Enquirer: 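Handing you a structure now.
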Amino acid sequence: MTTSGATAVMFRPRTVGEAVEMLATAHDAGRAVDLLGGGTDLVPALRSGERRPGAVVALRRVLELRVRGAGADSLTVGAGVTYTDLAGWSLSPGLALAARVVGSAQIRNLGTVGGALGSARPTGDLLTFLTAADAEILVASPRGPGRMTLPAFLADGLAPDALVTAVRLPRPAGPQSYLKIGGRQAAYQALVSCAVLVDRMRHRLACAIGGVGRLPIRMTVAERFAHDAVDWSAGAASSSAARRFGELVSEAVSRVGPELAAGPRVSADYRRHAAGVLAARAFTRCLDAAGAPVDPRVERDVRP
Ligand SMILES: Cc1cc2nc3c(=O)[nH]c(=O)nc-3n(C[C@H](O)[C@H](O)[C@H](O)COP(=O)(O)OP(=O)(O)OC[C@H]3O[C@@H](n4cnc5c(N)ncnc54)[C@H](O)[C@@H]3O)c2cc1C
């Protein structure tokens with residue numbers, strides 16, 4: 001494999017064990033390694049010379065990474081599962097919603113869960129959903145299998161000889177919603193996104209906002225408000241509760257420093273405003289809070 005004049009050794013493992021061995025071999029030989037999932041981020045970076053690895057481990061033939069499973073309390077999604085695979089997955093409606101609004105059909109067919117985590121884009125749709133879902137990251141390395149919380153994974157990254165094998169998240173225990181505002185209606189990443197997950201058993205609501213900081217952010221004050229404001233026996237809330245929830249999200253976003261560059265359509269003020277509107281709407285969808293605020297400035301862009 002040639003990357004901007006330099007030659008990278010290409011490995012094509014068929015099992016996770018082989019992939020780990022190949023990573024270790026390349027690492028021991030002092031070669032920087034990139035993992036190739038669907039290549040939607042990596043291939044352009046190789047072509048432009050932004051990435052110049054000494055070795056590439058292509059994961060496409062590793063069938064065990066493409067498995068999805070359901071246990072009594074949790075769902076497990078292999079790192080090789082694509083957005084298209086997730087888009088129709090009825091066991092996780094929120095994950096399916098997030099996968100459906102990713103890029104174009106071509107990106108959804110190729111892009112994988114492992115690649116979304118490896119790239120960890122501030123506007124990554126999966127990342128916003130997984131942040132709200134308290135996901136756990138399963139990894140493999142020469143030291144054996146391991147697991148990390150998503151915040152630890154995002155803060156510390158992976159060891160250079162490790163790969164993500166799967167993501168584990170709790171089984172849904174109530175309605176879920178995922179909304180994003182994109183630059184255009186197709187093939188564009190989120191400007192601002194919002195995931196809301198309701199847990200009717202534990203009387204909890206989780207909310208994460210993407211596109212306002214370097215990584216998606218949990219809206220803990222708004223979450224605590226929801227705990228008190230929702231009528232958990234009916235699984236419903238008032239429209240004023242939805243409005244207040246949106247205001248609390250806007251307030252939290254306004255306290256985030258200027259971590260992301262502003263653009264003509266994405267001033268800090270727009271991000272703050274859009275986050276509040278998305279959050280109020282996602283809350284309404286999950287909790288049937290009829291009459292929550294609708295703003296035509298962002299309404300036209302909201303997907304799905
Ligand atoms: C035109 C376009 C539109 C897009 N639109 C969206 C969008 O709307 N929403 C969105 O969220 N994203 C979007 N993306 C980004 C992209 O599709 C995702 O980030 C995708 O999930 C990357 O997955 P991949 O399998 O293609 O990763 P790759 O490109 O193969 O790899 C990306 C990175 O992850 C690492 N990696 C791959 N697999 C693993 C693994 N198993 N363990 C650890 N690290 C790994 C690689 O080493 C590399 O650093 C878009 C991209 C393009 C080009």
Side-chain angles (χ1 to χ4, degrees), residues 1 3 8 10-11 13 16 19-20 22-23 26 32-48 50-62 64-67 77-87 95 97-131 137-141 145-146 148 150 153-154 156-167 178-193 195 210-211 215-216 301 303-304:
M1 178 173 204
T3 59
M10 177 69 109
F11 294 102
V16 169
V20 168
M22 290 166 183
L23 275 169
V33 191
D34 266 323
L35 294 157
L36 180 67
T40 59
D41 282 335
L42 185 61
V43 170
L46 294 176
R47 286 202 179 124
S48 69
E50 184 194 323
R51 296 283 272 269
R52 297 169 187 267
V56 172
V57 177
L59 300 174
R60 203 147 180 79
R61 294 182 187 175
V62 184
E64 62 197 286
L65 293 179
R66 303 181 72 173
V67 172
V77 184
V81 170
T82 65
Y83 294 116
T84 299
D85 297 331
L86 288 177
L95 204 52
L97 281 173
R100 268 180 229 149
V101 295
V102 167
S104 59
Q106 292 94 324
I107 298 293
R108 291 194 293 277
N109 285 339
L110 289 170
T112 63
V113 170
L117 289 162
S119 292
R121 292 167 175 250
T123 53
D125 291 300
L126 222 53
L127 222 53
T128 303
F129 181 82
L130 293 176
T131 298
I137 311 302
L138 308 191
V139 301
S141 77
M148 308 166 82
L150 180 59
F153 171 85
L154 293 172
D156 303 341
L158 274 181
D161 56 357
L163 77 154
V164 173
T165 54
V167 170
Y178 183 81
L179 296 171
K180 80 190 255 188
I181 297 173
R184 287 191 201 158
Q185 284 301 305
Y188 273 80
Q189 300 186 41
L191 298 177
V192 181
S193 60
L215 295 169
D301 288 334
R303 291 196 286 162

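For clarity, every value in this text was computed on a predicted model and none was experimentally measured. Remember, it's 1-based here, ligands and their atoms both numbered in the order they're listed.
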Enquirer: Is it the case that Asp161 and Ser141 place a side-chain donor and acceptor less than 3.5 Å from each other?
Expert: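 Checked: Asp161/Ser141 side chains show no N/O donor-acceptor pair below 3.5 Å.
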Enquirer: In ligand 1, which numbered atoms sit nearer than 4.0 Å to a non-hydrogen atom of Ala79?
Expert: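 Answer, ordered by atom number: 41 (N).
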Enquirer: Please identify which atoms of ligand 1 are closer than 4.0 Å to at least one heavy atom of Ala116.
Expert: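 Matching atoms, with element in brackets: 21 (O), 22 (C), 23 (O).
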Enquirer: Give the contacting part of Leu158 toward ligand 1: side chain, backbone, both or neither, where contact means a heavy-atom distance below 4.0 Å.
Expert: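 Leu158 to ligand 1: side-chain contact only, backbone stays beyond 4.0 Å.
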Enquirer: Can you list the atoms of ligand 1 that are under 4.0 Å from a heavy atom of Gly37?
Expert: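 So the answer, numbered in order with elements, is 25 (O), 30 (O).
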Enquirer: Under 4.0 Å from a heavy atom of Leu36: which atoms of ligand 1 are those, numbered in the order shown and with their elements?
Expert: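 Near Leu36, the atoms of ligand 1 are 30 (O).
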Enquirer: What's the verdict on side-chain contact (heavy atoms from CB on, under 4.5 Å) for Leu130 and Leu95, showing C-alpha distance, side-chain angles and the deciding distance?
Expert: CA-CA 8 Å; Leu130 293 176; Leu95 204 52; 4.2 Å; yes
Enquirer: Counting heavy atoms only, which part of Lys180 comes closer than 4.0 Å to ligand 1: side chain, backbone, both or neither?
Expert: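 It is the side chain that touches ligand 1; the backbone stays farther off.
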Enquirer: Please enumerate all residues that pass side chain to side chain contact (heavy atoms under 4.5 Å, CB included) together with Ala98, with sequence neighbours excluded.
Expert: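 Checked Ala98 against side chain to side chain contact (heavy atoms under 4.5 Å, CB included); matches are Phe129, Tyr178.
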Enquirer: Checking side-chain contact (heavy atoms from CB on, under 4.5 Å) for the pair Thr165/Leu65: CA distance, chi angles, key distance, verdict?
Expert: CA-CA 6 Å; Thr165 54; Leu65 293 179; 4.0 Å; yes
Enquirer: Could you report the tightest heavy-atom contact between Leu23 and Pro160, atom names first, then the distance?
Expert: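 Minimum heavy-atom contact is CD2-O, 4.1 Å.
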Enquirer: Heavy atoms only: which of Gly157, Gly103, Ala58 is nearest to atom 8 (O) of ligand 1?
Expert: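 Closest candidate by heavy-atom distance is Gly103.
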Enquirer: Need the ligand 1 atom indices (1-based, order shown) with element for anything under 4.0 Å from a heavy-atom of Tyr83.
Expert: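 Under 4.0 Å from Tyr83, ligand 1 has these atoms: 18 (C), 20 (C), 21 (O).
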Enquirer: Which is it for Ile137 and Leu150 under the side-chain contact (heavy atoms from CB on, under 4.5 Å) test, yes or no, and what are the steps along the way?
Expert: CA-CA 6 Å; Ile137 311 302; Leu150 180 59; 3.8 Å; yes
Enquirer: State whether the shortest distance between N or O atoms of Val43 and N or O atoms of ligand 1 falls below 3.5 angstrom.
Expert: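 No, Val43 has no N/O under 3.5 Å of an N/O on ligand 1.
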Enquirer: Applying a heavy-atom cut-off of 4.0 Å, say which part of Ser119 lies close to ligand 1: side chain, backbone, both or neither.
Expert: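 Under 4.0 Å from ligand 1, Ser119 contributes backbone and side-chain atoms.
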Enquirer: Any idea which atoms of ligand 1 are less than 4.0 Å away from a heavy-atom of Arg51?
Expert: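 Within the 4.0 Å cut-off of Arg51, ligand 1 contributes 48 (C), 49 (O).
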Enquirer: Quick one: list whatever passes side chain to side chain contact (heavy atoms under 4.5 Å, CB included) with Leu215, sequence neighbours left out.
Expert: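 Partners of Leu215 by the side chain to side chain contact (heavy atoms under 4.5 Å, CB included) criterion, ordered by chain and then number, come out as Leu127, Leu154.
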Enquirer: Would you mind running through ligand 1 and noting each atom that sits below 4.0 Å from a heavy atom of Asp125?
Expert: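 Those of ligand 1 that fall under 4.0 Å from Asp125 are 7 (C), 8 (O), 9 (N), 10 (C), 11 (O).
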Enquirer: Out of Thr123, Leu42, Val102, Asp41, who is nearest to atom 12 (N) of ligand 1 when you count heavy atoms only?
Expert: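 The option holding the nearest heavy atom is Val102.
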Enquirer: Search all heavy atoms of Val101 against all heavy atoms of Asp125 and return the closest pair with its distance.
Expert: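 The answer is O-OD2, 4.1 Å.
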Enquirer: Between Gly124, Ser193, Gly115, flag the one that comes closest to atom 37 (C) of ligand 1 by a heavy atom.
Expert: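 Of the listed residues, Gly115 has the closest heavy atom.
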Enquirer: Can you give me the closest heavy-atom contact between Met10 and Ala58, atom names plus distance?
Expert: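 The pair with the smallest heavy-atom distance is SD-CB, 4.2 Å.
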Enquirer: Please work out whether any backbone atom (N, CA, C, O) or any side-chain heavy atom from C-beta onward of Leu59 is under 4.0 Å from ligand 1, and answer side chain, backbone, both or neither.
Expert: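 The answer is the side chain of Leu59.
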Enquirer: Look only at the side chain of Arg108 and the backbone of Tyr83, and say whether a donor-acceptor pair between them is shorter than 3.5 Å.
Expert: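 No, the answer is negative, given that no donor and acceptor are paired below the 3.5 Å cut-off.
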Enquirer: Is there any N or O on Gly39 that sits under 3.5 Å from an N or O of ligand 1?
Expert: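 Gly39 vs ligand 1: N/O contact under 3.5 Å present.
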